[in-house]
Amino acid sequence: MSLDSSRSASSTGQKSKRSVNSISSNPSSSSNNKKHKKNTNQKTLGAVWGAKSPSSSRSSFRKSPFSDFGSYMVHKNRKLHNQFDAEASSSSHSGLSCEKPIFRGISIFVDGFTIPSSQELRGYMLKYGGRHENYFSRYRVTHIICSNLPDCKIKNIRSFSGGLPVVKPTWILDSVAANKLLSWFPYQLDQLVDNQPRLLDFFAPKNSLVSKDALLQYENEDTSFKGSEQKDESFPEAGQPLLHSQQISGESDDIICQNTDILIEEPTVGSEKSCKVKIVEMSNFDAEGDSNVKDELQTNLHELSVSSYCSDNQDSKGLPSRLSYRSHSTKDPDFVENYFKNSRLHFIGTWRNRYRKHFPNLSKGFKNMDSNPNDCTGSQKTSIIHIDMDCFFVSVVIRNHPELKDKPVAVCHSDNPKGTAEISSANYPARDYGVRAGIFVRDAKALCSHLVIFPYNFEAYEEVADQFYNILHKHCKKVQAVSCDEAFLDVTDLEGEDPELLALTIRKEIFESTGCTASAGIAGNMLLSRLATRTAKPDGQCYIPPKKVDDYLCQLPIKELPGIGHVLEEKLKKKNVQTCGQLRILSKDTLQKNFGMKTGEMLWNYSRGIDNRHVGMIQETKSIGAEVNWGVRFKDSKDSQNFLSSLCKEVSLRLQGCGVQGRSFTLKIKKRRKYAEEPVKYMGCGDCENLSHSITVPVATDDTEVLQRITKQLFGFFNIGKPYK
DNA sequence: ATCCTCCCCTAC
DNA sequence: TAAGGTAGGGGAGGAT
Ligand SMILES: Nc1ccn([C@H]2C[C@H](O)[C@@H](COP(=O)(O)OP(=O)(O)OP(=O)(O)O)O2)c(=O)n1
Ligand SMILES: [Mg+2]
Ligand SMILES: [Mg+2]
């Protein structure tokens, strides 16, 4: 009930996509899912694929990742307000460390029963500068610790160790006794000795974590497929005799490749046709009990998306066989699950749902500006703080590596200087070289050859985010979470407090508690405080007083405004608009005519520093979905069906995890564009067309089997593989 | 006018 | 090798 206010305020009535649901229907509703809650919420929670790049942008992006994306990164004046920096560093970091950090860079995972116990080993690791992981991850763990095992278990360990050293616990004990890191080589598990990779360089002082990746690469390097190396973008390799040859059985072509025949002639390298599928499902809540207004069911939309690449024949040799290791949609039966486990975008995309469960009462727009409907009631001007962690993923993983603080560091799955893994976050020294989130690691290495790469540590991000929000909630009731590292605070009501001092205090606490720095922007509305944060970074804060607003905005490149991405930027550039000052010249009418009513108004307002949003207006979830656009390769229709099936399962789990059901469902697919070349990105989806169909069913569901039926039907709408029609 | 479907765009 | 997700806002154009 309270919620409609939020939506109506801005949108002037209807046009809201789906009705909003009533009150509390959400968690309470279906009683049945109680038990799921615990399990599911943790790792599930899904998402939808965003159909990111339009054709135009896609191609430009491909050619020069930097040019249109982060090109300028306006380098922030770190100036003013940099206080506690020095002082805090002394007091802050808890010290588990007074001992010589002989295990620096070492991260162990203890498998099974050991003497001494896993807990004791953990104690040693922490005390001597190392790490201990409770869960195995090939990216975080550098050594597996394990006692000799029965043969039947050995096989298991061999397969999951992924080539990491498997070492006896005495390695730790002896190293501690010697007060230096001994080579693990003599301590390998007896049964595995023959198979150990030679990884002596592991201990290269720098960061062993990285070297692991590097080594793996070297092994495979030569076999890397040529297609993607350099030229790939230039021309469609005309020749390429493809192994194509005959095709498959009738089956394969029907599903996927609709224009198979045509495609075959295409320049495409590998004989694959890509095609993507995306499914979205929408649904209403099962309001069950409160029937009240049936229309209130909030519709909850649930999307599934899949993208696939189908290769029509030749499952045999050629490129594909080489790719077949394990992470590949048709090769790995648990592909979807593994994929999500390692996806950074999945992590940040689902973070919000985890936050909701973690801070149930705080996450819903806290009664928020309750009374004052239109507020704006002048009396006191509102005061908003925006706060954002500096290069979050990097800061967290280098907390215990002070020597790296001023060196260029980035977080990425791979350190392969020829690889197409994406940089997730780069610290400020790295940004000086032009390295930034989203570029390929090979491009990053080209910009900065000594860039240090760290692997992800999702558990740590989760933990730091919790500390971050605990601190924010402690100081302010009106907190609107934006993402795992970013939030708005409405501090208007905290009259006794000077916002700038408060920001200082909060940042200091964050640093002391997490070892990571945050920056803050303080201003009269959300737009301005957010912009202020950008100029404050890194490790600073910035207040924009009302009088300075005009000066501040006038020169500001429009791309800096939230809501203006690369497409809008280009469109405006064509009209000769590059700064807010220039944007102001256009009338609201013109803008609305060119960009639509809402977008036009937004542009007009933002260019003047006007923003009427309120902190804390968070609505109920409207949609839940899951999508995969990487590593999807289908050989025949069965593969695609299996894949859709796993997505249905995933979505079903996520719905249950949230305690909601859906009535409206959308399937999205990606289909390889006719003249698309081989994807530049390893296991990527390349240049695709995005298609979607949706359907609304009479009764809301979260049942896997029902989803499968619906999905099948939706899939049929695409007529994939039926050239005529 | 309003809704509905199929997109596109943006942010993290 | 590598993990290109997720969710919401909004526009165009056709159906009602
Ligand atoms: N394209 C992107 C953008 C972000 N992230 C992840 C990594 C970031 O650390 C985190 C937070 O995003 P921010 O936009 O806040 O970026 P950073 O915190 O890394 O840097 P900044 O100091 O600019 O906030 O989200 C990502 O993986 N890929
Ligand atoms: Mg940040
Ligand atoms: Mg952020």
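Letters go in sequence order (proteins before strands), and every chain restarts at 1.
Among Tyr456(A), Phe393(A), Phe458(A), Tyr682(A), the one residue that satisfies the ring-ring contact (aromatic ring centres under 6.0 Å, His included) test with His413(A) is Tyr456(A).
Looking at heavy-atom distances under 4.0 Å, Arg352(A) makes no contact with the nucleic acid at all. Using a 4.0 Å heavy-atom distance criterion, Phe595(A) is classed as a sugar-phosphate-only contact.
Among the nucleotides dG4(C), dC12(B), dC7(B), the one closest to any side-chain atom of Trp630(A) is dG4(C). If you check dA2(C), dC12(B), dA7(C) against the side chain of Asn353(A), the one that comes closest is dA7(C). Ranking dC6(B), dA3(C), dC12(B) by closeness to the His693(A) side chain, first place goes to dC6(B). The side chain of His413(A) lies closest to dA3(C) when the candidates are dT10(B), dG10(C), dA3(C). The nucleotide whose nearest atom lies closest to any side-chain atom of Ser343(A) is, among dG8(C), dA2(C), dA3(C), dA3(C). Out of dC12(B), dA2(C), dC7(B), the shortest distance to the side chain of Ser414(A) is found at dA2(C). Side chain of His566(A), nearest nucleotide from dT10(B), dG10(C), dC12(B): dT10(B). The side chain of Arg530(A) approaches dC12(B) more closely than any other nucleotide in the set dG4(C), dC12(B), dG5(C). When each of dG4(C), dG5(C), dA3(C) is scored by its nearest atom to the side-chain atoms of Phe340(A), the top-ranked nucleotide is dG5(C). Picking from dG10(C), dC12(B), dA2(C) the nucleotide with the shortest atom distance to the side chain of Glu486(A) gives dC12(B).
Mapping Met597(A) and Val441(A) onto DNA chain C by nearest heavy atom places Val441(A) at the nucleotide closer to the 5' end.
Within the structure, every side-chain polar atom (N or O) of Thr621(A) is placed at least 4.0 Å from both OP1 and OP2 of dA7(C). Here Lys681(A) reaches the OP1 or OP2 of dA3(C): one of its side-chain N or O atoms lies under 4.0 Å away. The shortest distance between the side-chain N/O atoms of Thr599(A) and the OP1/OP2 oxygens of dG11(C) is below 4.0 Å. Within the 4.0 Å cut-off from OP1 or OP2 of dG5(C), not a single side-chain nitrogen or oxygen of Thr350(A) is found. Within the 4.0 Å cut-off from OP1 or OP2 of dT10(B), not a single side-chain nitrogen or oxygen of Lys559(A) is found. Note on Arg344(A): a side-chain N or O is less than 4.0 Å away from OP1 or OP2 of dG4(C). For Lys598(A) and dG10(C), the shortest distance from a side-chain N or O to OP1 or OP2 is below 4.0 Å. For Asn629(A), a side-chain nitrogen or oxygen approaches OP1 or OP2 of dG5(C) to under 4.0 Å.
Side chain of Arg673(A) to main chain of Cys688(A): a donor-acceptor pair is present (N/O by atom type, distance under 3.5 Å, no hydrogens or angles). Of the possible polar contacts, one joining the Ser395(A) side chain to the Asp390(A) backbone as a donor-acceptor pair under 3.5 Å is found.
Distance, Gln480(A) CD to dC12(B) C1': 13 Å, rounded to whole Å. Straight-line distance from the CD atom of Glu422(A) to the C1' atom of dA2(C): 10 Å, rounded to whole Å. Straight-line distance from the CZ atom of Arg633(A) to the P atom of dA3(C): 13 Å, rounded to whole Å. Distance, Asn416(A) CG to dA2(C) C1': 10 Å, rounded to whole Å. Atom CZ in Phe458(A) sits roughly 13 Å away from atom P in dG5(C) (whole-Å rounding). Rounded to an integer number of Å, the gap from OH of Tyr339(A) to P of dG5(C) is 4 Å. Per the geometry, CG belonging to Leu568(A) stands 17 Å off P belonging to dG9(C), to the nearest Å. Rounded to whole Å, atom C1' of dC12(B) lies 9 Å from atom CG of Asp388(A).
Aromatic pair Trp351(A)/Tyr355(A): ring centres closer than 6.0 Å. Annotation: Phe718(A) is in aromatic contact with His693(A) [ring centroid separation under 6.0 Å].
Heavy-atom contacts from other residues, nucleotides or ligands closer than 6.0 Å to NZ of Lys575(A) number 12 or fewer.
By the 4.5 Å heavy-atom criterion applied to side chains, His358(A) and Tyr469(A) are not counted as neighbours.
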